[in-house]
Amino acid sequence: SMVREEDLEDLEALLKDLEDKGHQAKDDGRLYMADQYIILIATVNAETHKLRARFKREAIASLRKETKLKKEEARANSTTE
């Protein structure tokens, strides 16, 4: 499925919110809810890392592709001159 930068930003905001709520639940002595937040944090954190890595891989692949095209273009121009 198509994932956008905004999706990653939303997940990161959700992670921050869950972390804040987890700390608050712990501080309030609501240990059951703190445990539930920890489970959610772990899930969202893993997904955030996967998406961030995916975007980095895609950026590198795009740079490689553009560089390859520029090299081919330069070779074509040098042989026609």
Side-chain angles (χ1 to χ4, degrees):
S1 68
M2 189 69 186
V3 181
R4 302 179 316 196
E5 259 322 305
E6 296 84 20
D7 298 329
L8 177 58
E9 291 168 4
D10 287 348
L11 267 182
E12 289 172 336
L14 175 60
L15 180 60
K16 172 80 172 90
D17 188 43
L18 289 170
E19 289 170 343
D20 291 346
K21 289 182 179 193
H23 285 293
Q24 188 62 51
K26 175 191 55 94
D27 293 344
D28 292 347
R30 296 180 304 130
L31 301 180
Y32 174 78
M33 282 309 298
D35 284 341
Q36 296 307 305
Y37 283 120
I38 289 168
I39 293 167
L40 293 170
I41 289 166
T43 301
V44 174
N45 189 47
E47 194 61 29
T48 301
H49 281 292
K50 281 194 269 184
L51 281 180
R52 194 175 299 121
R54 176 180 172 178
F55 283 128
K56 286 180 182 181
R57 283 191 310 272
E58 288 174 356
I60 292 169
S62 176
L63 179 60
R64 283 185 179 133
K65 184 177 181 179
E66 291 169 10
T67 302
K68 181 181 176 183
L69 290 174
K70 289 284 186 186
K71 284 180 183 178
E72 291 171 357
E73 204 176 276
R75 277 191 214 112
N77 287 339
S78 68
T79 58
T80 57
E81 292 175 2

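Remember, predicted model here, so these are calculated numbers, not experimental data.
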Any chance you could measure [X], atom [atom1], to [Y], atom [atom2], to the nearest 0.5 Å?
X	Y	atom1	atom2	result
Met33	Leu40	CE	CG	8.0 Å
Thr43	Leu15	OG1	CG	10.5 Å
Arg30	Lys21	CZ	NZ	9.5 Å
Ile41	Leu14	CD1	CG	9.5 Å

Those residues that, when tested against [X], pass side-chain hydrogen bond (donor to acceptor under 3.5 Å, both in side chains) (two or more places apart):
X	value
Asp28	Gln24
Thr67	none
Glu19	none
Asp7	none

Q: Mind jotting down which residue pairs meet the salt bridge (Lys or Arg N to Asp or Glu O under 4.0 Å) criterion with at least one end in residues 57-67? Sequence neighbours excluded, please.
A: Arg54-Glu58
Q.
Under the salt bridge (Lys or Arg N to Asp or Glu O under 4.0 Å) definition, can you give me all pairs with a residue in residues 40-49, not counting sequence neighbours?
A. Glu47-Lys50
Q) Should Ile60 and Phe55 be counted in the same cluster of Ile, Leu, Val, Met, Phe, Trp and Tyr side chains packed under 4.5 Å apart? A) no
Q | Glu9 and Arg4 ion-paired at < 4.0 Å | A | no
Q: Identify the heavy atoms of Gly22 and Ala34 that sit nearest to each other, and give their distance.
A: O-CB, 4.1 Å
Q. Which heavy atom of Val44 sits nearest a heavy atom of Leu11, and at what distance?
A. CG1-O, 3.7 Å
